[in-house]
Protein chains: 2
Amino acid sequence: MARRPTIADVAQLAGVSRATVSFVLNDRPGVAAATQERVRAAAGQLGWTPSRSARALSTGRARAVGLVLTREPDLIGTDPFFPAFMAGIESVISESGDGLMLHVTSPRNEMDTYRRLVDDQRVDGVFLTDLRVGDPRPELLRELGLPAVAVGADDGVEGIATVNLDDRPVVAGAVHHLVGLGHRHIAYVAGPAEYLHAQRRLGAWRDALAEAGLPQGPVLPGGFTAEGGALATQALITRGDRPTAIVYANDLSATAGMAVAQEAGLRMPDDLSVVGFDDVPLASWTRPSLTTCRADAASWGRAATRALIETIEHGTTPHVELDPAALMVRDSTGPAPARP
Amino acid sequence: MARRPTIADVAQLAGVSRATVSFVLNDRPGVAAATQERVRAAAGQLGWTPSRSARALSTGRARAVGLVLTREPDLIGTDPFFPAFMAGIESVISESGDGLMLHVTSPRNEMDTYRRLVDDQRVDGVFLTDLRVGDPRPELLRELGLPAVAVGADDGVEGIATVNLDDRPVVAGAVHHLVGLGHRHIAYVAGPAEYLHAQRRLGAWRDALAEAGLPQGPVLPGGFTAEGGALATQALITRGDRPTAIVYANDLSATAGMAVAQEAGLRMPDDLSVVGFDDVPLASWTRPSLTTCRADAASWGRAATRALIETIEHGTTPHVELDPAALMVRDSTGPAPARP
DNA sequence: TCGCTCGTTTAAACCGGTTCAAACGCGAGA
DNA sequence: TCTCGCGTTTGAACCGGTTTAAACGAGCGA
């Protein structure tokens with residue numbers, strides 16, 4: 001009696017068949033207006049909500065999308081992208097009452113996680129983030145037939161929707177900003193080479209320097225981590241030809257780099273200019289505040305979700321290009337020091 | 001033909017009934033060893049995975065847990081707790097092949113989100129985080145009959161499992177640390193008063209001061225935000241009786257506070273000592289590095305998940321107490337300045 | 001009045017599992 | 001030889017929806 005009402009209860013109360021109730025629920029044409037009214041009233045009176053599992057079973061759709069967050073356990077929480085990205089996803093799927101299945105996994109288990117996602121049929125599609133060079137996932141998903149949208153990939157991925165934000169303009173903008181301030185010797189602290197987006201940012205930096213007619217500065221790995229940024233910075237500032245500016249692949253590296261430089265007695269931006277990437281919440285509150293690049297992760301999430309839904313429902317694979325990131329100029333960049 | 005195999009296919013191949021296959025799948029006793037073997041072989045040969053939705057429909061269990069992340073849209077991403085917490089959840093549920101449904105919502109829509117979670121029967125239980133004073137959610141969930149575990153609540157919540165970490169020892173430890181350094185005038189920049197955990201940290205600070213025989217220092221709201229921390233700090237350092245140490249409710253406020261203090265010409269820790277809370281990844285890379293309190297969010301996630309599963313499966317409501325947070329002493333705290 | 005549409009409604013099969021009462025086969029005891 | 005008991009297996013109902021082909025009934029033209 002405290003049992004949830006089923007479609008049969010509604011049908012009986014409304015004096016129609018279950019099929020009719022189902023038709024009304026899915027507003028299918030061909031049901032008389034008066035009947036619709038009766039069914040709706042009955043459903044309302046009983047407080048009936050159709051059972052997800054039953055619908056999933058007969059329609060074959062889970063009405064949920066999946067996000068796999070692959071990180072080494074100790075790096076979880078260092079990435080400012082995901083919370084906002086997830087908020088963007090949610091804002092779109094909640095319109096249709098769909099859900100988000102989240103899986104946090106380590107790189108070792110990543111492929112298994114995707115396989116299980118498919119086997120379990122718990123999601124109708126997945127987001128593919130942090131694409132890597134030679135990434136096996138697009139192939140795997142196409143093979144398994146699971147709709148997917150690649151986030152931050154240009155449209156090179158065959159048969160998979162993509163949502164991309166071109167980092168090049170903003171990286172170029174950062175370099176121009178530095179060049180305009182008189183910098184001629186600009187270094188780069190890169191993210192892990194396996195990531196496509198890390199590669200693209202590095203390439204953009206290279207191109208921007210070339211375009212400005214400047215020599216390629218040194219490139220050191222920073223691994224997107226604080227420790228990596230610190231080590232790279234240490235190496236850079238103790239070189240014979242110390243750069244006057246460093247562009248970092250993310251804010252975490254940049255902030256750690258600033259700490260190391262300050263420790264070494266360098267003043268910023270007087271002795272050294274620093275540019276980050278991400279615009280983490282703390283970026284405006286470091287000393288000096290950090291000049292960095294801000295991408296709108298929530299709108300990535302929204303766009304990616306719309307593209308994914310389109311793939312799921314119509315089998316099309318749209319390629320969406322987002323508004324470029326913005327350069328947030330703060331106090332960590334300033335005029336290049338006079339040449340000694 | 002490219003159709004997924006069903007239990008019927010396995011049954012046919014193994015030469016048994018569907019019921020038998022089901023028994024083997026759920027390792028129910030009463031199936032001859034040889035038969036089990038045949039069924040397993042058949043399932044393996046066909047690559048059969050039972051359909052989640054079908055199981056969900058007949059067992060009434062969704063095999064997933066829900067996490068609702070309630071934040072103002074612009075504060076998403078400032079909280080270091082959740083990613084690690086989610087990783088902890090995942091590490092437990094993935095053992096049993098369960099899933100995590102994530103919902104990011106704003107405070108306005110929070111109750112609706114919980115209701116929908118229940119109506120949809122998409123989860124077997126939920127985590128209740130960020131409990132507030134007079135929180136309506138425990139009552140709602142008990143009423144709706146959805147198993148839940150309250151995270152960071154003492155066992156006052158009737159009929160709901162709790163997982164708690166007592167902040168008091170570490171806050172007391174921080175105060176003792178400051179007192180030992182000679183500080184007598186210690187201020188507090190608090191989190192939003194509606195949160196239970198913010199209240200408890202504040203209370204712990206009060207008690208620790210009282211225990212040390214010191215007067216209550218000023219308490220200002222920081223709202224867990226950088227801006228709030230900055231404003232509060234500004235107010236504190238321009239007071240007549242400027243405190244020599246400030247304890248902040250979280251690292252975000254503390255870091256912004258340090259920036260403001262430095263801006264005002266104060267040196268840390270010489271003129272002012274600062275203590276944060278959370279130990280965000282950047283805490284060791286601010287200048288000076290931040291003395292703060294570290295709780296192990298991943299182990300919260302694990303403990304909370306185990307408690308939730310216990311509630312779901314046995315109807316019991318365990319109350320788990322976690323290891324207290326640890327004080328990470330860094331460079332932002334030092335001897336109190338000599339009284340002018 | 002008969003036959004035909006056309007709009008509306010429905011019975012029944014189906015999705016792919018779980019579960020329970022009943023049937024089955026076989027060896028032991030009477 | 002017959003019965004009983006036990007371990008094993010199964011048929012059939014069930015979970016709560018969706019879907020399709022067919023039935024229904026009212027209106028209309030011939």
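Reminder, nothing fancy here: chain letters follow the sequence lines and each chain counts from 1.
The residue Arg61(A) sits apart from the nucleic acid: no heavy atom pair falls under 4.0 Å. Contact annotation for Thr35(A): backbone-only contact, meaning every heavy-atom pair under 4.0 Å involves sugar-phosphate atoms and none involves a base. Val31(A) comes within 4.0 angstrom of the backbone, heavy atoms only, and of no base.
Counting to the nearest Å, the P atom of dT18(D) and the CZ atom of Phe23(A) are 10 Å from each other. Rounding to whole angstrom units, CZ of residue Arg52(A) and P of dT18(D) are separated by 11 Å. To the nearest angstrom, P of dT18(C) lies 11 Å from CZ of Arg63(B). As rounded to whole Å, 16 Å separates atom C1' of dG16(C) from atom CG of Asp119(A). One can place CG of Asn26(B) at 10 Å from C1' of dT19(C), the figure rounded to the nearest angstrom. Here dT8(D) presents its P atom at 13 Å from CZ of Arg38(B), a figure rounded to the nearest Å. In this structure, Arg4(B) atom CZ and dC14(C) atom P are separated by 20 Å, rounded to whole Å. Rounded to a whole Å, the CZ atom of Arg3(A) is 10 Å from the P atom of dG17(D).
Between Arg3(B) and Asp9(B), at least one side-chain N (NZ, or NE/NH1/NH2) sits under 4.0 Å from a carboxylate O, which counts as a salt bridge. Between Arg40(B) and Glu37(B) there is no salt bridge, since no side-chain N of the basic residue sits under 4.0 Å from a carboxylate O of the acidic one.
Listed nucleotides dT10(D), dG17(C), dG16(C) differ in distance to Leu57(A); the shortest reach to its side chain belongs to dG16(C). Taking the side chain of Thr59(B) as heavy atoms from C-beta on, and the options dG17(D), dT18(C), dG16(D), the nearest nucleotide is dT18(C). With distances taken from any side-chain atom of Ala19(A) to the nucleotides dT18(C), dC20(C), dT20(D), the minimum falls on dT20(D). Of the candidates dA11(C), dG17(C), dT8(D), the closest approach to any side-chain atom of Trp48(B) belongs to dG17(C). Among the nucleotides dT19(C), dA12(C), dG17(C), the one closest to any side-chain atom of Ser58(B) is dG17(C). For Val16(B), the side-chain atoms get nearest to dT10(D) when compared with the rest of dT10(D), dG17(D), dT19(C).
Distances shown here put a side-chain N or O of Thr20(A) below 4.0 Å from the OP1 or OP2 atom of dT10(C). Neither OP1 nor OP2 of dG16(D) sits under 4.0 Å from any side-chain N or O of Ser51(A). Residue Ser22(B) places none of its side-chain N or O atoms closer than 4.0 Å to OP1 or OP2 of dG17(C). Between Arg28(A) and dT19(D) there is a side-chain N or O to OP1 or OP2 distance below 4.0 Å.
The base of dG16(C) lies outside donor-acceptor range of the side chain of Arg18(B), with no N or O pair under 3.5 Å.
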Stepwise salt bridge (Lys or Arg N to Asp or Glu O under 4.0 Å) test for Arg71(B) and Asp130(B): CA-CA 10 Å; Arg71(B) 285 288 184 283; Asp130(B) 293 322; 2.7 Å; yes
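Inspection of the His103(A) and Thr113(A) side chains reveals no N or O donor paired with an N or O acceptor under 3.5 Å. If you check the side chains of Thr70(A) and Glu110(A), you find a donor sitting under 3.5 Å from an acceptor. Side-chain atoms of Arg55(B) and Asn26(B) form a donor-acceptor pair, as typed in the model, at a separation below 3.5 Å.
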